[in-house]
Each structure stands twice: as structure tokens, then as C-alpha cells.
Amino acid sequence: MKLLLCLRNTAKSIGSNCNPDLTTVQRWPGDCARAREVSLSKMFAPLMAGLFLCVLATASVGLEVKTAVLRIDYPRLLPISRYDLRADDIGFAGAILADEDNGTTGGFLGHSYETRTIAVTPDAADAALAQILSDGIRIVALLADEADLLRLTDRAAEAGALVFNVSAPDTALRDEQCRPNLLHIAPSNAMMADAVGQFAIWKKWPEWLLISGSNPADVKLAEAYRKAAVKFGARIVQDRVFEDTGGTRRTDSGHVLVQRQLPTFTQGAPAHDMVVAADASDFFARYLSYHLWTPRPVMGSAGLRPVTFHGAHEAWGATQFQTRFEALAGRYVKPEDYNVWLALRVVGEAVTRANTADPDGIRNYVLSDAFELAAFKGQKVTFRSWNGQLRQPILLYDGQITVSVSPQEGFLHQRSALDSLGLDAPESGCRSFN
Amino acid sequence: MKATIITSIALSVLGLAPALAGKAFVSNERGNTITVVDTDSWEVIAEFFGGNRPRGITVSPDGKLLYVCASDDNIVRVFDTETYKEIYTLPSGPDPELFVLHPSGNPLFIANEDDNLVTVTDTETHAILAEVPVGVEPEGMAISPDAKFVVNTSETTNMAHFISTGDYQIKHNVLVDQRPRYAQYTADGTRLFVSSEIGGTVTAMDIAPDGTPSVIGKIKFAVPGVLPEWLQPVGVKITHDGRRVFVALGPANRVAVVDGATLEVLDYILVGQRVWQLSFTPDEQFLLTTNGNSNDITVIDVKKEKAIKSVQVGQQPWGVAIID
């Protein structure tokens with residue numbers, strides 16, 4: 001009780017803008033979270049340092065871990081569904097939670113964590129990264145598209161910084177475009193497509209009608225589904241492209257047009273078990289399910305979707321993650337939040353176990369066999385040593401519940417069943433990790 | 001179930017029921033009930049409302065009071081083990097998951113999963129005596145036989161925290177593998193076992209006379225035909241003589257039998273689906289397992305190390321406590 005009071009009082013005195021008693025507590029500013037951790041480590045470090053030394057040979061006192069989350073906000077059209085509107089703090093809320101989680105653990109070891117969160121327009125991204133690096137931060141989580149991500153990662157490499165990709169799904173980043181200082185928390189298009197492919201094969205639905213969008217991101221995603229079909233023995237009975245000509249989204253009469261256009265568009269396809277939608281730009285797939293000519297389940301960008309995480313996921317203790325996140329952010333978690341949280345938890349776990357805050361030290365530890373982390377997905381997550389991709393189960397989500405989780409039963413692998421998703425060592429063209 | 005109750009009443013009226021049958025109380029996390037099982041006939045004899053999301057469950061040393069962590073009610077509910085009536089509730093702090101009772105029956109040490117706290121509640125005055133800040137997602141709770149230390153495991157911090165019951169300060173922290181779920185001392189207090197669900201291991205520590213822990217090894221598991229990631233240790237129970245350690249392996253649907261001295265895994269007993277918590281009958285003749293996905297409990301003959309029976313209980317059984 002005394003300890004707790006001490007903690008709360010210290011938090012108040014340190015963070016001038018931070019009052020945990022405010023009713024707006026569900027949207028704690030980052031400063032407040034930081035102040036709490038500082039106070040925790042201040043409180044515990046002197047008290048327990050002596051005791052830790054006798055138990056934990058690896059523990060030492062006084063590591064300050066500074067990280068940054070840089071998010072590029074691109075001009076984008078509104079999503080088809082209001083449920084997909086992007087919150088202002090998307091990704092950042094995950095960082096605050098990770099700082100709290102890491103800070104609580106760090107409090108017992110004399111480690112403190114501080115994460116800076118920055119949102120910028122695309123043209124301000126380089127300057128923002130330069131500022132981060134000049135302020136001495138060497139661990140950065142990036143939410144950026146492929147080209148920007150690569151350019152910024154290379155800039156970070158010049159400063160010896162480690163980068164976590166928390167949003168870009170492009171398979172090429174794990175292939176010939178990989179970088180030695182770039183670790184991927186976000187799953188690749190290949191992992192997502194393989195997760196759907198395995199489920200479809202488990203269901204014995206091997207005949208697919210592939211409908212893809214015409215934008216570059218859609219084309220890349222469609223390619224991942226074509227490869228998944230070959231990999232798991234499915235057959236794409238027909239490959240159709242739905243042109244993005246602009247047009248109705250969420251307008252009052254939009255559904256009237258959609259209801260007439262999509263049945264005719266999907267008419268006359270060869271017999272198929274299901275429809276696979278590749279719509280990374282979110283302009284048509286959400287309309288498909290009930291507007292097909294032939295009634296079939298839809299998977300991919302609509303219907304049953306592969307995701308890293310969602311707000312209804314409960315299994316494996318995830319309920320506790322959800323309640324912690326919702327109390328903090330005042331909304332349901334999005335994949336970006338989970339990915340940022342996971343990136344910073346990877347850092348925290350490496351700092352805790354390897355007792356280093358050095359980017360190379362962290363990189364070497366997380367790529368080693370010693371690294372493992374619980375991530376509310378039923379099994380430990382680890383990194384692929386050949387391309388820096390996080391191995392992880394993929395949730396198959398229907399918008400309400402976790403319908404299934406891939407890898408599916410029966411898809412075996414000599415190393416880990418998780419390596420049946422995405423680029424395996426012999427398939428990856430990445431040579432930066434050897 | 002009514003029929004069962006009537007039968008059992010009829011039997012006792014006729015004097016046919018065994019005189020001293022014990023009872024197992026099973027908390028059903030989804031069903032919000034407590035199932036009562038006769039440990040002689042292995043029949044379900046009652047089911048009653050146990051609060052919302054009942055998980056941790058234990059009994060007072062005299063066997064008269066049943067304590068239940070009603071996680072979604074943010075309280076501990078206390079029931080009469082004879083009448084099954086709720087007598088009172090105890091303040092627990094938010095989201096109580098697991099707890100451990102002082103051998104004297106007072107106080108109760110409760111893990112608050114959402115709040116990174118261990119709450120100490122006086123079972124007589126019903127007052128909160130202390131709140132001890134611990135790691136993220138506290139869950140497992142154990143008390144040393146001399147009652148000098150309470151051990152809490154934090155699932156996301158991955159530590160076992162050794163809290164002195166004298167001043168409620170943490171004296172030792174030991175890093176263990178991913179997602180530590182449960183801690184259990186041997187009866188003589190010289191050894192402690194901590195299960196790590198996602199790490200797939202059980203860490204064994206020797207405990208010095210002053211309570212200081214030192215890690216001596218890790219127990220690992222392997223079952224042919226079962227994916228390694230399904231071997232998720234949760235509940236741990238140790239025979240009084242310390243010779244056998246039983247470890248529930250979650251979705252592997254097995255209980256591992258471990259040699260308490262050599263830490264070698266001797267056997268795997270097939271039980272129901274997603275086995276979590278374990279409890280001995282007071283005479284240590286039987287070990288009961290709660291199987292969350294098959295909604296049943298498995299009865300294991302401790303000497304023979306064999307499963308002898310399964311009993312259907314409520315929805316998603318979580319924990320089990322047994323009285324004479």
C-alpha cells in the first residue's frame with residue numbers, strides 16, 4: 001500500500017501535465033506513462049538493487065532505453081466502412097502500452113523505457129527521422145509504405161540504428177529488398193495469403209475465383225494469393241481484375257449501384273469453391289460477400305480476413321491485453337497498435353534478457369536461438385534468421401470473432417509450423433542476414 | 001442434475017451413501033457456476049452460481065469456507081461448503097484471477113491480473129491489508145510452508161516475485177521463461193516450481209532456509225505426435241513426499257509425471273482437452289484436473305499414475321478445490 005501511494009505521488013510530482021486521477025485517464029498522454037515508469041524505476045532501483053544481484057546474474061542497474069515510433073500519414077480516401085476509420089493515435093496507443101508494460105518489468109531491473117511518437121506528412125518524414133537520430137535514438141519503429149520505409153531504413157543504418165517495420169506488407173522487403181537493420185513485425189503479404197490458403201485447403205475448398213483490384217498494392221497482394229495457390233495445391237479457376245475507376249463509397253445511393261454492378265461482374269465464372277479478394281486499397285472487396293453472382297464464401301480482403309490481431313481476440317490470455325489497451329486508448333485495438341506494441345515488447349524482452357540497450361546487441365539477441373516472446377497468440381514468437389521477419393500465427397477474422405488461426409493442423413515443417421507461412425529460407429532472396 | 005440431487009438425497013436418507021464422502025468444487029469460467037462433485041461416487045451432486053467468470057478457487061483450512069475469485073465482479077465470493085450459500089464477499093482489487101490462502105486461513109493473497117498488483121485481504125475483518133505492485137499480468141500465487149514468502153508470477157514480465165509476508169516488500173525477483181502461470185512449493189519448502197506456458201518449461205528452484213531462491217534447472221516436455229508448441233505447462237502439484245510433480249500441459253491434453261528429485265519426466269497421462277489446474281484429494285489418493293475445452297474433470301489415481309475416470313461439469317472448468 002505504501003509502495004503504491006508512493007508510486008502515485010511520485011507520478012504526480014514528476015509529470016506536470018499528468019494527473020492519473022483525471023477522468024480522461026483513458027487517454028493518458030505519453031508523458032504521463034513515462035513519468036510513471038521513471039518513478040517506478042527510481043523507487044525500485046535503490047531498494048532492490050542489492051537483492052537482484054544475488055538472484056539475477058544478468059541484471060544490472062541503469063539502462064535507459066529510448067525508442068521512437070515514426071508514422072507517415074499518407075493522403076488516403078476514406079475507408080469503405082466507418083469501423084475502419086483511422087484513429088489519430090493509431091499505432092501510438094500501442095507504444096504507450098508497451099512503455100507501461102516494459103517499464104513495469106524494467107522497474108524491477110533498473111531499466112527505464114521512453115518512446116517518442118511522431119506523425120508526419122510524407123514530405124516531412126526524412127527531417128523527422130534526422131531529428132530522431134540526432135537526438136540519440138537508435139531504435140525506431142516505422143509505419144510507412146515500402147519506398148519510404150527503405151529510404152528511411154537506409155538513413156537509419158548510416159547512424160547505426162535498428163528499424164522495425166510495423167506496417168508494410170510488401171513481400172519484397174523480406175526478399176531481395178531486405179536490409180540488415182530492418183526487422184519485420186508486420187506479416188508479409190505472403191504470410192497473410194498463405195494463412196488463407198492453408199485454411200481453404202483444410203476446408204477442402206481448392207477452387208478459387210481470384211478478384212483483385214487494379215492498384216499497385218492490390219496487384220502485389222494478388223500475386224501473393226497466386227503463389228499461395230501453387231504452394232498449397234489450390235487452383236485459381238479464373239483471375240479477374242476489378243478496375244478502380246473511382247466512384248461511390250459510402251454514398252447514399254452507393255449500394256444501389258454496387259448491387260447491380262457486382263453480380264454482373266462476377267457472372268459467368270467457372271465453378272469455384274470460394275472467392276479470394278485482393279483489395280489492399282480497400283475500394284471494392286467489402287461489397288463482395290452478398291453481391292456475388294454465385295453464392296460463395298469470400299476470403300482475403302473481405303469476408304474471412306487474415307490479421308495480426310483484432311479487438312475481439314480473447315484466446316491465450318488476450319483478454320488481458322484488450323482490457324489494458326482499451327483502458328488506455330478508449331477504443332478497440334487495431335493491427336498497427338498491436339504491431340507497435342509487439343515491436344517495443346521485442347525490444348523490452350531483449351533488454352531484459354540480454355541486459356543491453358545497444359541496437360546491435362538487441363538485433364543479435366532477437367535473431368539468436370535464445371530469443372522468444374509471448375504475444376497472446378498461443379505460442380512463442382521468434383525471428384527468421386534469414387530475413388528478419390517475425391514468425392507468428394495469423395488470425396483469421398470475420399469482423400466479429402477469431403474464426404481460425406493459421407498455420408492449420410497438418411501443415412508441417414521441419415523447423416516450425418510457423419515457417420509454412422511466408423518466405424521460407426530457401427525461397428527468400430534476402431542475403432543481408434547471412 | 002435434479003435427478004442426481006434427488007438420488008443422492010434419497011441415498012443418504014436410506015443410509016446408503018458413504019458417511020464421509022469428500023467434495024470437489026470446480027469453478028466454471030464460462031458457465032459462471034461452481035460444480036460440486038462427490039469424490040467417492042464421482043457423481044455431480046450440485047451446481048450453483050459462483051459469480052461472474054469464476055476462476056481461482058480454494059477452501060479454508062477447516063474446510064467450511066469456499067473462496068472463489070469472481071474475476072468479472074472484481075471481488076472474492078465466499079460460500080458455505082455445506083449449504084452452497086454465499087455468506088459474504090471480500091474486496092479483492094480488480095480482476096482477481098488466482099489467490100493463495102495463508103496456512104492459518106488468514107489473510108488471502110490475491111493476484112489482480114489487470115492492475116499489476118497483489119492484494120492482501122484480511123479474511124476476518126474483510127479489510128485490504130496491502131497492495132503490492134508486481135509485474136505485468138500477475139497470475140500464479142504460492143505461499144511457502146513457513147508462510148514467510150508469497151510468490152507471485154507475472155505473465156508478461158516473466159518473473160517470479162518473492163514477497164515477504166512480514167513487510168509486503170518484494171525481496172527477490174527471478175526471471176523465468178515466457179508467460180509464467182503457476183507456482184508451487186514442495187511441502188518441506190525447500191523447492192519451488194514455476195510453470196511457463198508459452199516457454200513450454202517448468203523452472204525448478206532450490207529455496208534456502210532464509211527463503212532465497214536459486215534456479216537449479218528447467219523441466220522440458222516432449223510427446224511424440226504432439227507439436228512442441230502445444231506443450232503448455234500450467235497447473236503444478238507436488239506429492240507431500242516431494243517424489244512426484246504433476247504438470248498440466250494445457251492444449252496437449254496431458255498431465256506430465258515428473259520425478260521430484262531428478263526433474264526427469266517419467267510419463268504423460270492423457271486427460272481431457274485443455275487441461276489447466278490440478279488438485280489432490282486431501283488423502284492424496286486422487287488428483288483432479290480441470291479440462292476447459294471438454295467441460296470435464298479427469299480423476300487420476302496418484303499411486304498408479306493413471307486416469308481412471310472423467311466427470312462432466314459446467315462450461316469451461318478452470319480451477320478445483322477439494323475437501324474431506
Side-chain angles (χ1 to χ4, degrees), chain A residues 1-8 40 43-44 47-48 50-52 54-59 97-98 100-109 315-317 319-324 326-327 345 348-349 352-353 355 371-381 393 407 409 412-413 416-418, chain B residues 53 71-72 93-95 97 113-117 119-120 128-139 154-162 167-175 177-181 196-201 205 208 212-215 227-232 250-251 274:
Chain A
M1 194 65 170
K2 261 186 200 162
L3 274 176
L4 189 72
L5 289 174
C6 154
L7 168 119
R8 286 182 177 152
L40 259 175
M43 199 172 66
F44 282 107
L47 190 71
M48 295 181 168
L51 296 163
F52 288 130
C54 38
V55 181
L56 289 171
T58 53
L97 183 62
E100 290 200 355
D101 286 358
N102 285 336
T104 303
T105 303
F108 296 106
L109 298 168
W316 306 306
T319 310
Q320 291 129 240
F321 176 92
Q322 308 285 9
T323 45
R324 285 211 307 282
E326 287 156 22
R345 279 290 299 128
E349 188 65 17
T352 300
R353 303 277 173 178
N355 199 31
F371 175 81
E372 58 184 54
L373 183 64
F376 304 103
K377 286 185 163 186
Q379 56 176 296
K380 54 189 119 179
V381 296
E409 197 180 346
L412 302 176
H413 190 281
S416 158
L418 293 176
Chain B
R53 203 176 178 202
S71 300
D72 284 358
D95 198 22
E97 177 163 9
E113 196 163 37
D114 280 351
D115 236 28
N116 307 344
L117 289 176
T119 298
V120 187
I128 290 179
L129 303 175
E131 288 176 320
V132 186
V134 291
V136 183
E137 290 180 28
E139 167 140 347
S154 47
E155 292 175 321
T156 291
T157 290
N158 301 317
M159 281 181 187
H161 308 284
F162 289 72
D167 58 6
Y168 302 129
Q169 304 283 329
I170 296 177
K171 305 294 181 187
H172 312 283
N173 292 287
V174 179
L175 270 173
D177 285 341
Q178 297 294 307
R179 214 168 165 76
R181 289 290 302 267
S196 293
E197 182 180 26
I198 295 297
T201 60
M205 300 172 206
T212 305
S214 50
V215 174
L227 291 174
E229 52 266 30
W230 289 5
L231 298 161
Q232 301 184 350
R274 205 210 65 185

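Just so we're on the same page: letters track the sequence lines, and every chain starts at 1. All of these numbers come straight from a predicted model, not from anything done at the bench.
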#### Entry: Side chains of A:Gln320 and B:Val136 in contact at under 4.5 Å (non-hydrogen atoms)
no
### Query
Is the closest side-chain heavy-atom distance between A:Arg353 and B:Asn158 below 4.5 Å?
yes
### Task
Would you give the length of the straight line joining atom NE2 of A:His413 to atom CG of B:Leu227, rounded to the nearest 0.5 angstrom?
13.0 Å
### Query
Mind checking whether A:Trp316 and B:Arg179 have side chains closer than 4.5 Å, heavy atoms only?
no
### Query
Does any heavy atom of chain A fall under 4.5 Å from the side chain of B:Glu197, the backbone, both, or neither of them?
neither
### Task
Give, for atom OG1 of A:Thr323 and atom CD of B:Glu137, the distance between the pair rounded to the nearest 0.5 Å.
8.0 Å
### Choice from A:Gly378, A:Ser416, A:Ala417 maximising heavy atom contacts with chain B below 4.5 Å
A:Gly378
### Summary
Distance col, row A:Asp101:CG vs B:Asn116:CG, nearest 0.5 angstrom, shows 7.5 Å
#### Entry: Nearest heavy-atom neighbours spanning B:Ile170 and A:Phe108
CD1-CE2, 3.4 Å
### Task
Quick one: pull up CG in B:Leu231 and CD in A:Gln379 and give me the separation to the nearest 0.5 Å.
11.5 Å
### Query
What distance separates B:Met159 CE from A:Leu109 CG, expressed to the nearest 0.5 Å?
3.5 Å
### Query
With a 4.5 Å heavy-atom cut-off, do A:Glu372 and B:Ile198 have their side chains touching?
no
### Message
Can you confirm whether A:Phe376 sits close enough to B:Glu155 that some side-chain heavy atom of one is under 4.5 Å from a side-chain heavy atom of the other?
### Response
no
### Summary
Honestly, the part of B:Thr156 sitting under 4.5 Å from a heavy atom of chain A is both
### Query
Relative to chain B, which segment of A:Leu418 carries a heavy atom at a distance below 4.5 Å: side chain, backbone, both, or neither?
neither
